[in-house]
Every structure is written in structure tokens, then in C-alpha cells.
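A quick write-up on the structure given underneath.
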Amino acid sequence: MSQLVEVKVPDIGDFSDVPVIELFVKVGDTIKVDDAIATLESDKATMDVPSSAAGVIKEVKVALGDRVGEGKVLIVVETEGAGASPAPATAAAPAAAPAAAPVAAPAAASHGGAADVEYDMVVLGAGPGGYSAAFRAADLGLKTAIIERYATLGGVCLNVGCIPSKALLHVAAVIEEAEHASVAGVSFAKPSVDVDALRAHKEKVVGKLTGGLAGMAKGRKVDIIRGYGHFLDPNHIEVEETTGTSQDKTGAKKVVKFKQCIIAAGSAAVHLPFIPRDPRIVDSTGALELRFVPGKLLVIGGGIIGLEMATVYSTLGARVDVVEMMDGLMQGPDRDAVKVWEKQNASRFDKIMLKTKTVAVDAKEDGLYVTFEGVDATSGAPTEPVKYDMILQSAGRAPNGKKIGAEKAGVIVTDRGFIPVDAQMRTNVPNIFAIGDVVGQPMLAHKAVHEAHVAAEVAAGHKAAFDATVIPGVAYTHPEVAWVGYTEAQAKAEGKKVETAKFPWAASGRAIANGADYGFTKLIFDAETHRVIGGTIVGPSAGDMIGEVCLAIEMGADAVDIGKTIHPHPTLGETVGMAAEVAHGSCTDVPPARKK
Ligand code: FAD
């Protein structure tokens with residue numbers, strides 16, 4: 001006999017009001033226990049919610065962008081016979097956190113053949129996670145090799161991510177600074193941008209860093225094996241040799257034997273299935289190639305990567321529209337910080353379309369015609385197709401876990417391609433670790449490097465574990481927005497009692513001198529322990545300053561510790577000390593606090 005069963009959001013730890021960023025099911029689908037229903041994303045973690053019932057989905061009770069918490073009904077499932085009683089709801093595990101294996105381990109294969117080379121440690125992937133793991137393992141005495149399909153080390157971050165984007169953002173900042181200098185009586189001629197020379201500059205920056213890595217690998221006697229690696233079993237990887245600047249295979253193959261392995265295979269940009277292949281439609285890698293500066297650019301996705309590239313292209317002369325499905329840009333930091341960024345960037349964008357989906361793109365000779373659809377009636381989405389010269393798809397990144405034959409090694413990979421690990425970065429297979437983007441959110445280079453060191457140290461027999469309290473996030477836009485730990489919104493959603501102290505940069509001599517008096521530094525303290533548990537900074541160099549707040553949180557500092565630390569004057573950095581003084585009630589650079 002069939003029955004209808006509601007599947008609800010299980011206990012998701014500290015999160016109570018998090019948006020649905022992916023929905024994997026629709027009415028009529030057949031679902032099994034543990035199949036993913038939806039992905040929820042807080043500023044700390046992304047988590048898949050598994051189904052606790054098996055059967056046919058009769059109702060889907062949430063939509064993309066909805067905010068949910070424990071107990072919210074996600075789907076109604078018609079179950080059959082013996083399977084009618086739903087399994088107890090399993091907690092959704094934050095992908096970045098040590099997670100119990102959500103699915104049964106695949107049966108490992110066994111490679112019967114010989115190996116061409118043998119190592120103590122093999123690292124699959126040479127991004128910031130991979131090369132850091134390999135270098136640390138070699139420093140700790142393990143005979144180590146890195147397998148990398150591309151010609152240079154450094155992965156996404158150095159080649160097509162953090163570094164080239166910052167090289168371009170720096171140039172954009174110089175152009176904007178020069179324009180702003182007119183308010184101080186210094187005027188420059190309108191800049192003329194030689195796009196070829198700018199591209200060459202960016203490539204030089206990248207080359208310097210990736211070349212430096214190759215030298216450091218050599219210095220540590222870490223072998224680089226060029227090619228596409230996939231597991232044969234829990235101790236062997238086959239490498240298909242690649243050549244040139246791309247991933248062209250030569251046909252040559254090599255079997256690499258390892259005692260231990262660290263998977264650092266990273267992630268790739270998500271390509272929306274309905275968007276056609278066209279040279280004018282790019283992902284972040286294509287945008288960083290800087291092939292041309294379009295008249296009108298559409299950025300799909302209002303996250304950090306999209307907004308950083310929008311900053312570059314608009315400074316170079318493009319008119320930019322941004323389309324975002326959620327109700328705000330730059331999810332993560334508190335809205336007061338995003339508002340400051342929005343105000344400073346109001347002239348940069350023609351249109352910011354929130355709660356709006358891109359539903360079709362028609363690539364015609366004279367332009368890319370894009371059709372939008374509002375998530376609800378309030379979105380104000382354009383009703384007619386809008387023409388663009390270039391589109392940047394920046395709708396997120398997907399882990400590469402399903403592309404490396406992990407199942408042959410018996411390594412569990414989730415439906416979405418993440419590899420679950422424990423606090424020592426170990427997968428379910430004891431001699432195989434995983435780190436970086438492939439293990440979960442936040443997909444950031446500094447998280448990958450931290451995990452890399454943990455994995456290498458554990459592999460070398462040291463006592464180590466991932467126990468960082470916080471991982472900072474930074475949008476390197478103009479102005480920068482940086483945040484770490486608790487936001488006010490998160491504290492409110494969790495009902496956590498906090499004290500907030502904000503130091504406005506309008507009271508900072510250095511910020512005024514720099515023309516940045518619109519910024520602020522905000523610290524969040526636990527109301528009971530008075531320890532700092534979060535911070536948000538908006539303004540130039542916010543990313544450089546947030547490190548002090550990270551250290552303060554990790555050290556368990558309170559407002560007195562931070563406020564009584566002598567910061568150099570006049571700096572933007574002293575605003576961290578002053579925000580702590582505001583909390584403490586001892587700041588003499590702001591008007592006196594109202595008597596209670
Ligand atoms: P990756 O850097 O993705 O490296 C994985 C490597 O594995 C790649 O080199 C890949 O070729 C290789 N590989 C994969 N599969 C195989 C295989 N089967 N065989 C051989 N080789 C393989 N993060 C920040 O912290 N700060 C930033 O400012 C920042 N800016 C960014 C800007 C952009 C435009 C983008 C796209 C990303 C940015 N990131 C930033 C994110 C950052 O780049 C990633 O978090 C980081 O690179 C992840 O490191 P990783 O080692 O896990 O993987």
C-alpha cells in the first residue's frame with residue numbers, strides 16, 4: 001500500500017535560515033533513500049540534503065532561492081509497500097566539514113600489472129592544494145611526485161584564478177585611482193588601454209609565479225609527471241601523457257604506484273546546459289584571456305568571481321549588466337557591507353537584475369540575445385530579450401571528483417562530485433587523502449593550502465588535523481569586502497547573543513586622506529564570553545586587514561586584547577583596534593557613547 005511521506009530539512013547544525021542554491025528533483029521523479037534533494041548554502045558551508053524516503057515525488061515544496069531551516073518540508077514522496085516507512089532523517093553534512101561517508105564505498109579494483117615508477121606519496125593535481133601538499137610531504141621526507149595535466153603548476157588559482165584576476169584588478173584600481181585624483185587637483189589624461197600589452201602583463205605575472213613553483217619542486221626533488229591521471233586501484237594511477245599548453249594526449253601511458261596519495265583535483269566552472277557554445281560566451285577562464293573588451297557585457301551570477309571580472313571589464317570600458325537568481329549580490333557578508341560596495345559601484349552597472357533567471361540565449365551574428373525570467377513577480381525581469389556583445393557565465397564551480405576514476409580506488413564520491421574526508425583529510429580509503437575544492441566549500445585557495453599541510457603531515461606520521469575555527473572570504477572588488485566568522489545575519493538566524501561594534505572610516509584620518517571614508521570595520525563579539533567571533537571590513541585593502549581578525553578569533557581574543565594592541569597610526573589597519581575600542585567603550589575617535 002502506498003503512502004505519502006513528507007521529507008523535511010534535517011538538523012543542519014548551526015544553520016537555520018539558509019538558501020536553496022540547487023534543486024535536484026522535480027515532481028514525477030523517482031527518488032531513493034540518500035539521493036540528494038537540494039543543496040543549501042550558508043556562508044560557511046554547502047550541504048546536500050539527502051532524501052529519507054524512497055518513491056515517486058508528488059510535490060516539491062521549495063524553489064531555488066527559498067530560505068529554509070530544520071523541519072521545513074522539501075518534498076512529498078509517495079512510497080510503496082515495505083519501503084513505505086521513511087528512514088530516519090540523516091543530518092546534512094557541511095561539505096567542508098569532516099563528513100561521515102554518505103553512500104556505500106565502491107568496491108575497489110585491483111591492478112594486476114607492473115608499475116613504471118613508484119613513490120611514497122603521489123599528489124593528483126598541482127593547484128595550490130596539490131603543490132603545497134607535495135612540497136610539505138617532500139619536506140617531511142617522503143619521496144613525492146605530482147601528476148598534473150597542464151604544462152604549468154599552480155592549478156586554477158595561479159593560472160586562471162586568484163592571481164591573473166588580481167593582476168587585472170590592480171590595473172583597474174590604478175585607472176580608478178588616477179580618475180579620483182582629480183578631486184585632489186591632479187588630473188590625468190583619459191587612459192588608453194593596450195589590451196594586448198595588458199594581457200602580456202597578466203601572463204608575465206602568472207609566468208613568474210608558476211615558473212617559481214617549478215623551481216621549488218626541483219629544489220625539493222618533487223617529480224612532476226605530466227598527464228591526465230586516473231586511479232586503477234588504491235595503490236596505482238595511470239597517467240595518460242599530455243603535451244603542449246592544453247590537455248592534448250600523446251597516446252603514451254605510465255603506471256604510477258604509490259604508498260599514499262593526496263587527491264587535489266580541484267574544480268571546474270559550471271556551464272549552464274541551455275547556453276550555446278560561442279566564442280563570445282566565456283567562463284572566468286575565458287574572461288581572463290581578455291580577448292576583447294565588449295561594448296555590453298552580461299555577467300550571469302552575482303558572486304565574487306563574477307563581480308571581480310565585472311570590475312575589470314567595466315573599468316576597461318564595457319557597460320555591464322549582472323543577473324542573479326538570489327535576492328542580493330555577493331552572498332556571504334552582511335548586507336551593510338554589500339550596500340557600501342553597491343553605492344560605490346552604482347555607476348559601474350547599467351542593470352542589476354536580482355531574483356532573475358537567465359532562461360535562453362540566442363547567439364546571432366549581431367549579438368547574443370538573452371531571455372530572462374523573474375523568480376517571482378517582484379523581480380522586474382526584462383520581458384523582451386536583451387542584446388549583449390559578451391556573456392560571462394559565472395554560475396558557480398563544480399568539483400572534479402567524478403573525473404578521476406576514484407571508484408576504482410574504492411574512494412567515495414558524492415552525487416555532486418565532492419570527496420568526503422575526515423578531520424585528517426583522509427577519504428574512506430585509509431592511504432588516500434583529499435583536499436581543496438574537491439572536498440567542499442568554501443572553494444578558496446587558502447583553505448586548500450591549509451588542508452594540504454594537514455594531509456601531508458598526517459601522511460608523514462605527524463599528529464595533525466583540520467581544526468581552524470574560521471576561513472575568511474574576500475571579494476577583491478573596488479572597494480574590497482572581507483569577512484570572517486560570524487556575520488550579524490548569521491548570529492540573528494541562529495539566535496546567538498552577540499555584541500556588535502562598528503568603526504566608521506569617516507572617523508579614520510588615513511581613510512579620509514585616501515578618499516575611502518565610506519568604509520567601515522565591524523567586529524562581532526560573543527555576548528557571554530566577550531571573545532571576538534566575527535568581523536567584516538569594507539574598503540580598500542579590506543582583504544589585507546581581515547587576517548588580524550582571523551588571528552584574534554583563533555587566539556580567543558576579546559575587545560580589550562585587540563583594542564589595547566598598539567596599531568600603527570595612521571593606517572587603515574588601526575580601524576580594527578578602534579572597532580574593538582568601540583566595543584570596549586574606550587574609543588576617543590568617535591563621538592561619546594550615549595549614556596545608558
Ligand atoms: P585547483 O586549483 O583547481 O587545481 C587542481 C589541479 O588539478 C589543476 O591544475 C588540474 O589541471 C589538475 N587536475 C585535475 N584533475 C586531474 C587529473 N585527472 N589528472 C591530472 N591533473 C588533474 N581563491 C582564493 O582563495 N582567492 C581568490 O582571490 C580567488 N580568486 C579566484 C578567481 C577565479 C577567477 C577563480 C576561478 C577562482 C578563484 N579562487 C580564489 C578559487 C581558487 O582558485 C581555488 O579555490 C583553488 O585553486 C583550489 O585549489 P585546488 O588545489 O583545490 O584545485
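From a predicted model like this one, the values you see are computed outputs, not experimental measurements. Atoms within a ligand are numbered from 1 in the order they appear, just like the ligands themselves.
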Could you tell me whether K408 and E238 have a side-chain N and a carboxylate O separated by less than 4.0 Å?
no
Does either side chain, that of T469 or that of E554, offer a donor lying less than 3.5 Å from an acceptor on the other one?
yes
Could you tell me if the side chain of M390 sits less than 4.5 Å from the side chain of Y313, heavy atoms only?
yes
Look at atom 12 (C) of ligand 1 and say which protein heavy atom is nearest, naming residue and atom and giving the distance to 0.1 Å.
E148 OE1, 3.2 Å
Looking only at N/O atoms, are I435 and ligand 1 under 3.5 Å apart anywhere?
no
Answer yes when E241 and K254 have at least one side-chain N-carboxylate O distance shorter than 4.0 Å, and no when they do not.
no
Below 4.0 Å, non-hydrogen atoms only: which portion of M309 touches ligand 1? Side chain, backbone, both or neither.
neither
Just wondering, do E407 and V413 contact through their side chains at under 4.5 Å, heavy atoms?
no
Enumerated ligand 1 atoms positioned under 4.0 Å from heavy atoms of L444
23 (N), 24 (C), 25 (O), 45 (O)
Looking only at the side chains, is there a donor atom on one of T243 and R226 sitting less than 3.5 Å from an acceptor on the other?
no
Residue from T536, T575, D334 passing side-chain hydrogen bond (donor to acceptor under 3.5 Å, both in side chains) with K522:
D334
Considering only non-hydrogen protein atoms, determine which one is nearest to atom 4 (O) of ligand 1 and report residue, atom name and distance to 0.1 Å.
G127 CA, 3.4 Å
Got a salt bridge between K143 and E118, using NZ or NE/NH1/NH2 to carboxylate O under 4.0 Å?
no
With a cut-off of 6.0 Å (strictly less than), are more than 12 heavy atoms of other residues, nucleotides or ligands near CD of E177?
no
Considering only heavy atoms from C-beta outward, does the side chain of N235 approach that of H111 to under 4.5 Å?
no
Does G227 have a heavy atom less than 4.0 Å from any atom of ligand 1?
yes
Ligand-residue contact atoms, ligand 1 with A264, heavy atoms, under 4.0 Å
5 (C), 6 (C), 7 (O)
Closest to atom 35 (C) of ligand 1 among protein heavy atoms sits I305 CD1, 3.5 Å
Measure the shortest side-chain to side-chain distance between H450 and I471 over non-hydrogen atoms and say whether it is less than 4.5 angstrom.
no
Assess whether a salt bridge exists between D389 and K296, defined as any Lys/Arg side-chain N lying under 4.0 Å from an Asp/Glu carboxylate O.
no
Have a look at D437, I147, V449 and point out the one with the heavy atom closest to atom 52 (O) of ligand 1.
D437
Sub-4.5 Å side-chain heavy-atom contact between V174 and H170:
yes
Any donor-acceptor N or O pair under 3.5 Å, side chains N159, T152:
yes
Considering S394, A126, C157 one by one, which has a heavy atom nearer to atom 47 (O) of ligand 1 than any of the others?
C157
Salt bridge check: are R136 and D139 linked by an N-O gap of less than 4.0 Å?
no
Note: A269, heavy atoms under 4.0 Å from ligand 1, region reported as neither
Sub-3.5 Å N/O-N/O distance, G154 and ligand 1:
no
Hey, which atoms in ligand 1 end up nearer than 4.0 Å to a heavy atom of Y476?
28 (O)
Within a distance under 4.0 Å of any heavy atom of G436, pick out the atoms of ligand 1 and give their elements.
52 (O)
For ligand 1, indicate whether the residue L124 contacts it via side chain, backbone, both or neither (heavy-atom separation under 4.0 Å).
side chain
Atoms of ligand 1 less than 4.0 Å from S284 heavy atoms?
34 (C), 36 (C)
So between H446, E308, K166, R397, whose heavy atom ends up nearest atom 30 (N) of ligand 1?
K166
Using a 4.0 Å cut-off to any heavy atom of S267, which atoms of ligand 1 qualify?
3 (O)
Is the shortest side-chain heavy-atom distance between L169 and H478 below 4.5 Å?
yes
Do any nitrogen or oxygen atoms of G129 lie less than 3.5 angstrom from nitrogen or oxygen atoms of ligand 1?
yes
Protein contact of atom 21 (N) of ligand 1 - nearest heavy atom, named by residue and atom, plus distance
R149 N, 3.3 Å
Nearest non-hydrogen protein atom, atom 53 (O) of ligand 1
G266 CA, 3.2 Å
Checking a contact table here: which protein heavy atom is nearest atom 25 (O) of ligand 1, and how many Å away?
A445 N, 2.8 Å
Could you find the nearest protein heavy atom to atom 40 (C) of ligand 1 and give me its residue, atom name and distance?
C162 SG, 3.3 Å
Here the atoms of ligand 1 under 4.0 Å from any heavy atom belonging to G229 are 17 (C), 18 (N), 19 (N), 20 (C)
Could you check atom 7 (O) of ligand 1 against the protein and tell me its nearest heavy-atom contact, residue, atom and distance included?
G125 CA, 3.2 Å
Taking both backbone and side-chain atoms of Y150, is any N or O found less than 3.5 Å from an N or O belonging to ligand 1?
no
Does the N or O separation between I404 and ligand 1 drop below 3.5 Å for any pair?
no
Under 4.0 Å from a heavy atom of G155: which atoms of ligand 1 are those, numbered in the order shown and with their elements?
2 (O), 4 (O), 8 (C), 9 (O)
